[in-house]
Amino acid sequence: MSAPDTKDSAGILEKGGETLQVSSSSAPKRPWWTLGGKDVSFAAVDSDSVTTGSSGPLKEVLLDTPSDSDEHNNNVFHDSAAAQFYQPVEKYEGRHRFDPHATWSAEEEQKLIRTLDRGNITQALSDNMLTELPSQLVSKKIGPDNWIPIQMLLWSVVAISQFKITGRATFFITRFLLGLLEGGFIPDVILYLSYFYRNRELPVRLAWFWTSYVSTNIVSAFLAYGILHLRGRHGLGGWRWLFLIEGSLTGLLGILSWFYLPPSPTQTKRTGLKGALRPKDGWFSEREETIMVTRILRDDPGKATMHNVANLPHRFNVDNSNVPFTYHLIKPKTPPANYLTLTLKALGFSTFNTNLLTIPSSVLFILQLQFWTWLSEKLNQRFLIGLVSQLWAIPLLIALETLPPNFAHANWVRFAVSSLIVGYPYVHAILVAITSRNAGTVRTRTVGSSLYNMAVQTSNIISTQARPPILSGVFTDRQQIYQNNDKPLYYTGNKVLLGLAAYNVILFIGAKAFYIWKNNQRDEIWDSKTREEKLDYLATTKDKGNKRLDFRFAS
């Protein structure tokens, strides 16, 4: 009589006297407030399943990567019966490098990540761009490695043409063209970086992207100081020189990026002119490409559901976006950011020195961006960390609201408070990454990132001023929240910002609660199924992306 099958809490299955290592079935159950731990994208089929190969059951299941053993305990590719449903599609660029049985050391993986970071992909993509959904269709058609440089180059042409602005008509024409040509830049960057980094690595890399973005503001402040002194040269105003020179720099970066950006992690070798700025043999060896592709797909099998260059179905944009929380916060810091320069001018500083005095808030902004993004992944808490941004802003807004009109050094105090608000904990990289992470597939990631960033720009429209300060002689000074009849201290506007900050607190808590509830609901249904029922679901389901019963949201 054979010994009964038993399994202990560590996941060791005693089968007929033999000890077999098995995988767990779903994300570890833990209270929502618990700090640390790992998330999973897809729940495994069965905690009692044993990986089998062509020769039958294995006495020792594939060892996990040492650097991520607890994460890979839920690796859906451990179970060969279920793994077939997660295999990369035929046209997936990295299919030839994917090896579900590959193992590597933590040192190899860290070396690979350092190689990626040294490639400075995020810094190569840095620029001042907006977003728009139709661009994603173009990006999927010709590839982000081609579309991103094209956007930068076309944008620079229009940006340069702004030096010929003569009034309202030419201003609106150039702004319309900029919005049209800028469309999709940030969502394209997010999608592109997701090809190279795992979900929990993406936020920090996006933080570096926005660090580069804000750093350009610091550099621009110094450039503006010098460029604005060109006023009168060849009959051009200083701000016209600013558009001309900075637009030209963006165009040069766009051209260089086309020679540098690879189509995918397995296509980094130089091919003619394309890739002329990359090494002849590419960034990675064959083994490194195997590690790169395998680690990404073990982390999120949904990334292998589409070729990097493909057409998106026209109906997909509406019917299959599957974005459960397309939300964005109206940023309380935007009006004070615009008011900061007015405060500096009230102190008697010139336009040149005002540009320089905006630098401290930008430096604080960068430091907070990096720290809170890193901490969110370290603690495995995104929305709770996001609350910090509002808890930071609320007391500062209360200070602006309650300070009397006149007291000793009033303008300097308001400048300090406004600078602290402008340099608030920026959690945009966290929210962008979690939107991408919770998409479930390349298709939904493409549209979800676009919708999120469209919401970002909508909030900017609501919270920012109606005309650029540089054209003060052409347009009236008006903001949506800080309005003329409320100046100069904008007490009414600050009350509105306090209300928005309170609203944002509700959004953060609501998003956290929703994802936790959704995961628990799916866990209950998934864990109630037998192994055969789960395999049947994987074989027959029509659900896509994050609508799948085995998909789990990060929060």
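- Contact detail for Ala554 and Arg382: the closest heavy-atom pair is CB-NH1, 4.0 Å.
- Minimum heavy-atom separation, Gly254 to Pro149: O-CB, 3.3 Å.
- Listed for the Thr294 side chain is no donor-acceptor partner under 3.5 Å among the backbone atoms of Ile291.
- Between Arg200 and Glu377 no salt bridge is recorded (no basic side-chain N to carboxylate O distance below 4.0 Å).
- How far CZ of Phe196 is from CG of Leu202: 12.0 Å, rounded to the nearest 0.5 Å.
- For the atom pair Leu431 CG and Leu206 CG, the distance stands at 11.0 Å (nearest 0.5 Å).
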_Evaluate Thr211 against Gln370 for side chain to side chain donor-acceptor pair (under 3.5 Å), listing each step before the verdict._
CA-CA 8 Å; Thr211 294; Gln370 290 290 332; 2.6 Å; yes
*Step by step, work out the side chain to side chain contact (heavy atoms under 4.5 Å, CB included) result for Leu507 and Phe383.*
CA-CA 9 Å; Leu507 274 184; Phe383 293 113; over 6 Å; no
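- The minimum heavy-atom distance between Ala429 and Leu369, with the atom names listed, is CB-CD1, 4.2 Å.
- The OH atom of Tyr197 sits 14.0 Å away from the OG atom of Ser436 when rounded to the nearest 0.5 Å.
- Nearest heavy atoms, Ile296 versus Arg198: CA-CG, 4.2 Å.
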*Check the pair Glu93 / Gln267 against side chain to side chain contact (heavy atoms under 4.5 Å, CB included), numbers first and verdict last.*
CA-CA 8 Å; Glu93 288 87 343; Gln267 296 170 300; 3.5 Å; yes
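- The pair Arg437-Asp300 does not meet the salt-bridge criterion, since no charged nitrogen lies less than 4.0 angstrom from a carboxylate oxygen.
- Taken from OH in Tyr195 to OG in Ser264, the straight-line distance is 9.0 Å, to the nearest 0.5 Å.
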_Could you walk me through whether Ser389 and Trp372 satisfy the side chain to side chain contact (heavy atoms under 4.5 Å, CB included) test, starting with their C-alpha distance in whole Å, then the side-chain angles of each, then the deciding distance to 0.1 Å, before giving a yes or no?_
CA-CA 9 Å; Ser389 63; Trp372 294 108; over 6 Å; no
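- Of the inter-residue distances, the one linking Thr268 atom OG1 with Leu261 atom CG reads 12.0 Å to the nearest 0.5 angstrom.
- Aromatic ring pairs are classed by plane angle as parallel below 30°, tilted from 30° to 60° and perpendicular above 60°; the pair Trp412 and Phe415 is perpendicular.
- Pairing each heavy atom of Glu108 with each of Arg287, the nearest pair is OE2-NE, 2.7 Å.
- At a cut-off of 3.5 Å, with distance as the only test, no side-chain donor of Asp299 or Ser41 sits close to an acceptor on the other residue.
- Ring geometry for Trp210 against Tyr426 counts as perpendicular: the plane angle is over 60°, on a 0 to 90° scale with 30° as the lower cut.
- Heavy atoms only, all atoms of each residue included: Glu289 and Phe284 are closest at CG-CB, 3.8 Å.
- Between atom CH2 of residue Trp392 and atom OH of residue Tyr424 there is a gap of 12.0 Å, rounded to the nearest 0.5 Å.
- Classification of Glu201 and Arg295 as a salt-bridged pair holds, one side-chain N sitting under 4.0 Å from a carboxylate O.
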*Can you check side chain to side chain contact (heavy atoms under 4.5 Å, CB included) on Ser419 and Leu364, steps first, answer last?*
CA-CA 9 Å; Ser419 295; Leu364 176 61; over 6 Å; no
